[in-house]
Structures are given as structure tokens and as C-alpha cells.
Amino acid sequence: MAPQPDPHLRSMLIRAHGWARDLKAGVQLMEIARQEGVPGAFIRTRAQLAFLSPKIQAAILDGTQPPELTLKRLVSVTHPLDWAEQERHFGF
């Protein structure tokens, strides 16, 4: 059976990249949250997905991430900045 991407996790990763792009362009976090109709904390916890290692992001997009790597797990912790450390932390 071929891997199946988690559509919710995949969608959130794509949205996080958009938010990171907006933040870099100078859009205030609260403005993004208002546009999205969500609390600022929602954006804060999920925008960090855009800074996961390329290996983790590729696995999320193609559905080959470890089964325990869920959106809930990813947003409940602060990610290490080092990509190798992220990969070890999340089971890659």
C-alpha cells in the first residue's frame, strides 16, 4: 500500500509557509490571525511548521512521516532550530 499524506497536516504545512512569507514581508501576526479568523496563538504554534527540516517537510508532503508525527504533536512542542536535532526528536 502506498503512503498516504495526512491532508490536514499537509495543508497546515502549506499554510504555515504562507504565514511565514507574510511575516517576513512585514505583515503583523495579529493581522494574519484576523484574516484567517483564528487566534494569534493558532498562527504562532503552526507557523513554526515552515521551519522544519526539509527532510521532515518532504516526508509530510509525500505521506512517509512516522505515524506518530501528528499535527497535534508538532504544535505542542517548540521545535529545535537545528535540523538534525529536529529529525532525531521527531523520529527520522
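Throughout, residue positions are numbered sequentially from 1 according to the sequence presented. Heavy-atom basis, side chains included; hydrogens, waters and symmetry copies ignored. None of the values given here were measured: they were computed from a predicted structure.
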Q: Tell me whether Trp83 is reachable from Val77 by hopping between hydrophobic residues (I, L, V, M, F, W, Y) whose side-chain heavy atoms are closer than 4.5 Å.
A: no
**Q.** Cluster overlap Ile43 with Val75, hydrophobic side-chain contacts below 4.5 Å
**A.**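 Linked, Ile43 and Val75 end up in one cluster.
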Q: Not counting sequence neighbours, which residues clear salt bridge (charged side-chain N to carboxylate O under 4.0 Å, His left out) with Arg15? List them please.
A: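 Applying salt bridge (charged side-chain N to carboxylate O under 4.0 Å, His left out) to Arg15 gives Glu36.
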Q: Only counting residues at least two apart or in another chain, list the ones meeting salt bridge (charged side-chain N to carboxylate O under 4.0 Å, His left out) with Glu31.
A: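 Arg34.
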**Q.** Minimum heavy-atom distance Ala20-Ala50, with the two atoms named
**A.**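 In terms of heavy atoms, the two residues are closest at CB-CB, 3.9 Å.
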**Q.** Under the side chain to side chain contact (heavy atoms under 4.5 Å, CB included) test, residues paired with Ala58 that sit two or more places apart
**A.** none
Q: Could you list all the side-chain hydrogen bond (donor to acceptor under 3.5 Å, both in side chains) pairs where at least one residue sits in residues 42-56, not counting sequence neighbours?
A: Ser53-Glu87
**Q.** Atom pair CD1/CD of Ile14 and Gln57 - distance to nearest 0.5 Å
**A.**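 If we round to the nearest 0.5 Å, Ile14:CD1 and Gln57:CD are 10.5 Å apart.
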Q. Which of these passes side-chain contact (heavy atoms from CB on, under 4.5 Å) with Ile60: Leu49, Asp6, Leu52?
A. Leu52
Q. So which pairs with a foot in residues 34-80 pass ring-ring contact (aromatic ring centres under 6.0 Å, His included), sequence neighbours left out?
A.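 Sorted pair list: His79-Phe90.
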Taking distance alone, no hydrogens or angles, what donor-acceptor pairs closer than 3.5 Å link side-chain atoms of residues 63-74 to residues at least two apart or in another chain?
unit_1: Thr64; atom_1: OG1; unit_2: Asp62; atom_2: OD1; d: 2.6
unit_1: Thr70; atom_1: OG1; unit_2: Arg73; atom_2: N; d: 3.1
unit_1: Arg73; atom_1: NH2; unit_2: His89; atom_2: O; d: 2.9

